[in-house]
Chemist: 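Sharing a structure with you now.
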Amino acid sequence: MTISRTDIEKVAVLARIQVDDEQVSALEKDLGNILDLVDQLGTADTDAVEPLAHPLDAVQKLRPDEVTETNQRAAFQAIAPATENGLYLVPRVIE
Amino acid sequence: MHNKSVAELSRELGSGTISSVELTRQFLDRIRAEDGKYNSFITITEDQALAEAEAADQQRAAGKATPWTGLPLAHKDLFCTNGVRTTCGSKMLENFVPPYDATVTARFREAGAVCIGKTNMDEFAMGSSTESSYFGATTNPWGNQRVPGGSSGGSAAAVAARLVPAATATDTGGSIRQPASLCGITGLKPTYGRVSRYGMVAFASSLDQGGTMARTAEDNALMLNVMAGFDPRDSTSVDREVPDYTATLNEPMKGLKIGLPREYFSDQLSPAMEQQVRNAVKEYEKLGATVKEVSLPNAGLAIAAYYVIAPAEASANLSRFDGVRYGYRCEDPRDLMDLYTRTRAEGFGEEVKRRILVGTYALSAGYFDAYYLKAQKVRRLIQQDFINAFREVDVLMSPVSPSPAFAQGEKNTDPVTMYLEDVFTIAVNLAGVPAMSIPAGFVDGLPVGLQIIGDYFSEARLLNAAHQFQQVTDWHQREPR
Amino acid sequence: MQWDIVIGLEIHVQLATRTKIFSGSSTAYGAEPNTQANAVDLAMPGTLPVPNEQAFRYAVMFGLAVNAEIERRSVFERKNYFYPDLPKGYQTTQLERPIVGPGYVDIDLSNGESKRVRIHHAHLEEDAGKSLHEDFHGMTGVDLNRAGTPLIEVVTEPDMNNAEEAVAFAKKLHGIVTSLGIGDGDMSQGSMRFDVNISLKPKGSDTLGTRTETKNLNSFRFMEQAIAHEVDRQMDILEDGGRIVQETRLYNGDRDESRSMRTKEEANDYRYFPCPDLLPVVLDEAFIEEARNSLPELPDARKARFQAQYGLNDYDAGLLASDSKLATFFEETVNLGKDAKLSANWILGEFSARLNAEEKAVADSPISGAQLGALVTRIADNTVSSAGAKKVFEALWTGESDNVDGIIDAKGLKQVSDTGELEKMVDEVLAGMPDQVAQYQNEEDPKKRKKMLGGFMGPLMKASKGQGNPKLFNEILQKKLGG
C-alpha cells in the first residue's frame, strides 16, 4: 500500500510533527515500505476472531477514593520549561 | 571481582571479603577505563553510587542485608530514577530529572542495590541496534563496530563487558532477548504484567515489559525476585504470588518437553545459526528432555501485527512530549502549533517520528478497522498458537535473531530491514508469554543465543532450564576480548 | 417558513469524589494553581492511571436514577488531540462501551403536560485542566488542578423542541445529580456544564438539519437565552437561503452573543482506540445492588411526597422537590414554621428571588431554613404583618441579627392585635376624616367602596406606627362604617 504526500502531511499535523518537503519524500518511501510489511495482515482470516487488546484476560482493579498525593508543585515545576505564578506557560491560546 | 556473578558477589559482600564501597569503586573504575569503547552508559552516577554503597555497608554491618545489599547494578535509561536524569536515549529528555522513582528502581533501592548508572538504548526503545540513541551508538564488546542489538543494547554491552554485574532492561518486541543474544549474556522478558511498568517510560503499553540482564540464569532469578510482583500503581500488573525464583533452579530436566516451532527454523535463519540452536537443544536431550516439532501457524504475521499495534500505542504514549511541562522545548515558539510541531520535530529522532506517524496513520479515520482492529485480531490468533503449543510441550526453543551481531550502519538506513531483526522475538510480546535468551555458542566469533519461551507465568521453569544448561556449558562464562 | 426546532443536550457532570478519576490527587476546588496536579495528572513519563472506585459507584447511581441499563463490562478509550490543558495529549474516555446505556428522564412542562427525554448514554471520562488567558507577557497560563477530575458526560437523544423543554430537562437532571449527591451541580464553577446541540428543519420534515453545538452556558438563564439566540441565528441564515455550518459556538451570556470556536474544529480526527493502560472494568451484581440500595430520594418521589405530606400543589411541590438543597431547606423551614403553604410561598418567592438577584446557590444562603421557619411561625400567628416580615427577612439576610423574635422586638415590628386598642385608633382616625366617611357611606358600588376602604388604611397604619394588624383594622373599619 502506498501513502501519499498529502496523507503524510495530514498525519504529521495530527501528530504535531513538523516535516519539510525533503522529509516528506523520505517518509513516502519509508512509510510505504512499512505499510507494505503491514499489509500482510490482509492474508489472515479473522472473520470470527475477537480483537485482543491485552495479553492477559484480566479485569481492572479499582482504587479506594482516598487522597494519597501531596503538593509537589515545586519539584515538578523545577523541571518545566516555562512557569509563572505556579502556572505552566504556553504561547497564547485562542479559543 | 568484575568477573564474578551477582550470586558470588553477594556472598563476597556477605563474608566481608570486600565492602560495597570497594566493589562499587572497582566497577566505576572499569566503566571509566573501558566504556569509551562501548558507550554503554548515558549517565554514570558516581557520587550517588558511592553514597548508596556506604549506606549499604552500614546496613550490612547492622545485620540488615538482603542478597542485593551493596550490589552495583545499572538501569536502562527509561526507568525513572528520582534525582537522576532519565533520557530514554532522546534529546526530548536530555535534561529530564524525574522527581520520582519507577517501581522497579524503587524496589532495587529498597533491596539495598547500588545504582551506578543509566544505560544507553535506542531512542524510546524503538530499535534493534542501539544506534538511534541521541547519545551515540553503543558498540558490541564482542566485535569491532558491531551493534550490541537493541533496544537494551547499553545494558547488554555493559554486562557483557563486565562493567556491571547486572542491569535492568525492557522488552517490547525483543529488546531484552536480542541484545542478550548478540552480546552473549542471559536475559529474561517476564510474562506481561509480572513486573510493574510504573515509571518505565512507555513505548507500547500492551507489549512493554521490564526484565533482567546478567551473565547467569541464577543472577536473572535474583533480579526477578526483586522486580516481580503486583504494583497498585500499574493497573496491568498482575496480583499473583511471586515465587522465590532461585528455589527451583536445580530441578532436573528429565522429562521436560521441548517444542521446536517449525516456523522459526525457516530460510530466514542461516545454517550456522541453526546449527548452534540445534546443538543447544541436544544438550537438553542429554539432560533427559524430549524434543518435538510444533507449529505456530500465524508466526509469520507477528511482525505485521506488531508494526501496527506498537506504533499505534506509541503515537498516543508519546503525545505527552509536547514541550509544556517538562523535557525539550523549541526556541521562541511563534504560537501554540509552532511550539508543538517544532518541539516534536527537533526533540524526536527519525525512527521515533516514523513510528509516531505510522501509528497516527493506522488509527486515523478510515484506517482503524483495516489496521488496528485487524492487527488485534491477528494478535489473538498468535496468542492462540502459543496456547495450543503449550498444550503439547513445556517450553519452546528457537533462535533469537536470524544472524549474529551485524555491523553498525548495516541496517539502520532501511527501517523494514531493521524490523525483520525481531522476526523470532515479536510474537512472544504479542502473546505476552515469558521468554529468555541464553548464550548458546558462537558464529563467526560472535555470540548467539538460544530463545526459551514458556507459558504464562512460567518464569521459574525458564530460569530452571537456563540454569541447568549453564551447569553443563560455559558459553555464558566467555568474556569478550 | 415554519420550522421545527430540534435540541439535544450533552452534559458534563463533575463527580464529587475526593480524588481524581485516575490518581490520588485531591479534587477540592479553589486550590493554588497546580498544587493538586501530581505525576499522573501531569502525564510525567512512565506514570499510569489507576481508576477510582467511587467514580464508578456514582456513575452507576446516576444510571439507575435515569432508568438506564448499566454496562457490566465497560472499557476506556483514548481520544487523541493536542491542547495545553490536556497533559497526556489524549483524554481517557469511553466510546464503545460506556458505563451507562440508554435511559430516560420525564420532565414537567408549564402546560401541565409531561414529556419523556431519552438518554442515549452516559460515560465516564477525565476533565481537562484550565487555560488562563490573562496576559502573561503574551503567554497563556495552564493550571492542571482540574485535570483528571472525574466526569460523567450525559448525552441525550434530540428529543427537545424548544428552550422551555431543554431548560426543564437541564433543571431536572441538575436535581437528580444534586439529589444523588454525586455532584455539587455548581454551574458557575463549571461543575455541571451544558452543551446544547440545535438544528432546525422545515416543519413536519423527517430529515434533521445541520446542527451546531453551543458551549459555555453557565446558568439556566443563559441556556434559555442561548437557545433563543441560536434558533434566531439559524432561522435568519436558512430563510436567507444560507447553510448552517456544523461547528461549535461559544455563547457570551453577558452580551447575548455567540461566536464560532476557531481552533478546535480544523480537521479533527480523534483516533479513538482502547486505552492499553487500563483493563475492562467489570462490575458485579453486588456492586450494582449496593449502589441501588444507596440511592436517596429522587426528585419525582420527593415531589409526590411533598404533595401528600404537606398538601402542596403540583407546581410548588415540583419546584421545591427539583433541587435537593432547596428541598432540604424547605423541610427545615416547615419543620419549624408548620404552615407548609406559607413556607413554600416564602421560599419560592422572597427567598428564591433574593438568591437569583445575588446569583447565590441555596448552599450560600445567609439564612437557614430554621430561621425562615421561625419567621413563618411569626407570620402565621399574626405577630408580624407580611410587610414587617419582609423587614425581618432583610435583617436576617444582611446578617444584622440571626434571631427572628429579637429583630421583631428591636425593630418594633410586633403587630397590635388588641381589638380595644385598634378600635380606639379607628375612632380617632375616622373622626379626623368626616368627608371621606360621608363619601364612603353614600357610595353604592361595592367595588368602589372596597377601594375607598383602602384609603383609610394608610392613616391607620400611620397612627399605629405600622404595627396595627391590617386584617383586624379592616374588619373594624367595615363594622364602624356600616358594611
Side-chain angles (χ1 to χ4, degrees), chain A residues 1 3 7-8 10-20 23 26-27 29-31 33-56 58-63 68 72 74-83 88-94, chain B residues 96-99 192-193 206 232 235-236 238-239 298 300-301 303-305 307-308 315 322-327 329 333-342 344-345 348 353-354 356-358 360-362 364 371 373-381 383 414-416 419 430-433 456:
Chain A
M1 161 140 191
I3 179 166
D7 282 340
I8 291 170
K10 201 186 96 191
V11 165
V13 170
L14 283 175
R16 298 292 187 270
I17 294 174
Q18 191 180 67
V19 286
D20 59 30
Q23 286 168 313
L27 285 165
K29 175 174 148 274
D30 288 338
L31 300 197
N33 288 344
I34 295 169
L35 293 172
D36 282 344
L37 179 77
V38 159
D39 279 343
Q40 290 171 25
L41 288 174
T43 64
D45 177 5
T46 54
D47 284 352
V49 183
E50 277 291 300
L52 178 69
H54 279 101
L56 305 170
V59 299
Q60 182 65 47
K61 270 185 195 291
L62 301 175
R63 167 180 63 79
T68 53
Q72 305 285 324
F76 288 125
Q77 296 206 339
I79 54 171
T83 60
Y88 292 96
L89 294 190
V90 294
R92 174 75 62 84
V93 173
I94 308 147
Chain B
F96 176 67
V97 180
Y192 180 83
S206 77
S235 297
T236 61
V238 178
D239 196 355
N298 296 289
L301 293 168
I303 285 198
Y307 277 99
V308 172
S315 73
D322 59 5
V324 176
R325 297 163 312 285
Y326 49 79
R329 178 181 199 147
R334 278 194 319 279
D335 53 28
L336 189 61
M337 193 65 168
D338 190 43
L339 167 73
Y340 286 147
T341 58
R342 218 146 41 81
R344 292 165 60 79
F348 290 137
K353 286 191 262 189
R354 265 196 294 273
I356 292 174
L357 294 173
V358 167
T360 304
Y361 184 68
S364 63
Y371 287 122
L373 215 56
K374 182 79 179 180
Q376 282 203 330
K377 289 177 177 177
V378 169
R379 186 174 185 181
R380 186 172 296 279
L381 294 177
Q383 179 195 44
D414 175 33
V416 169
Y419 296 173
L430 290 167
V433 292
Y456 295 101

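Chain naming here is simple, since letters A, B, ... match the order of the sequence lines and numbering starts at 1 in each.
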Chemist: Can you tell me which portion of T43(A) sits under 4.5 Å from chain B's heavy atoms? Options are side chain, backbone, both or neither.
Modeler: side chain

Chemist: Among A26(A), P81(A), A80(A), which residue forms the greatest number of heavy-atom pairs with chain B at distances under 4.5 Å?
Modeler: P81(A)

Chemist: Within the 4.5 Å heavy-atom criterion, are K353(B) and V19(A) side-chain neighbours or not?
Modeler: no

Chemist: Using side-chain heavy atoms (C-beta onward) and a distance below 4.5 Å, is P99(B) in contact with I79(A)?
Modeler: yes

Chemist: If you round to the nearest 0.5 Å, how far is CG of L357(B) from NZ of K10(A)?
Modeler: 12.5 Å

Chemist: Is D414(B) in contact with chain A via its backbone, its side chain, both, or neither, using a 4.5 Å heavy-atom distance?
Modeler: side chain

Chemist: What part of L27(A) lies closer than 4.5 angstrom to a heavy atom of chain B: side chain, backbone, both or neither?
Modeler: side chain

Chemist: Heavy-atom distances under 4.5 Å only: say whether A75(A) touches chain B with side chain, backbone, both or neither.
Modeler: both

Chemist: Can you say whether the rings of Y307(B) and Y419(B) are parallel (under 30°), tilted (30 to 60°) or perpendicular (over 60°)?
Modeler: parallel

Chemist: Among the options I34(A), T83(A), L41(A), L89(A), pick out the one with the most heavy-atom pairs lying under 4.5 Å from chain B.
Modeler: L41(A)

Chemist: Below 4.5 Å from any heavy atom of chain B, which atoms of Q72(A) appear? Answer side chain, backbone, both or neither.
Modeler: neither

Chemist: Please determine, among S364(B), A362(B), G193(B), P415(B), the option with the most heavy-atom pairs under 4.5 Å with chain A.
Modeler: P415(B)

Chemist: Do you know which of L373(B), T236(B), L301(B) has the most heavy-atom pairs under 4.5 Å to chain A?
Modeler: L301(B)

Chemist: Are the side chains of Y340(B) and Q18(A) in touch, meaning some heavy atoms are under 4.5 Å apart?
Modeler: no

Chemist: Mind checking whether V90(A) and L336(B) have side chains closer than 4.5 Å, heavy atoms only?
Modeler: yes

Chemist: Under 4.5 Å, counting heavy-atom pairs only, tell me which of S235(B), G327(B), G300(B), S315(B) racks up the most with chain A.
Modeler: S235(B)

Chemist: So for V416(B), is it side chain, backbone, both, or neither that comes closer than 4.5 Å to the heavy atoms of chain A?
Modeler: side chain

Chemist: Please report the interatomic distance CG(L339(B)) to CG(D322(B)), rounded to the nearest 0.5 Å.
Modeler: 7.0 Å

Chemist: State, with a plain yes or no, whether a side-chain heavy atom of R354(B) is found less than 4.5 Å away from one of L31(A).
Modeler: yes

Chemist: Check whether any side-chain heavy atom of Y371(B) lies under 4.5 Å from a side-chain heavy atom of D39(A), and answer yes or no.
Modeler: yes

Chemist: Report which part of Q40(A) has an atom under 4.5 Å of a heavy atom belonging to chain B: side chain, backbone, both, or neither.
Modeler: both

Chemist: Examine whether an atom of L62(A) lies under 4.5 Å from a heavy atom of chain B, and if so say whether it belongs to the side chain, the backbone or both; otherwise answer neither.
Modeler: neither

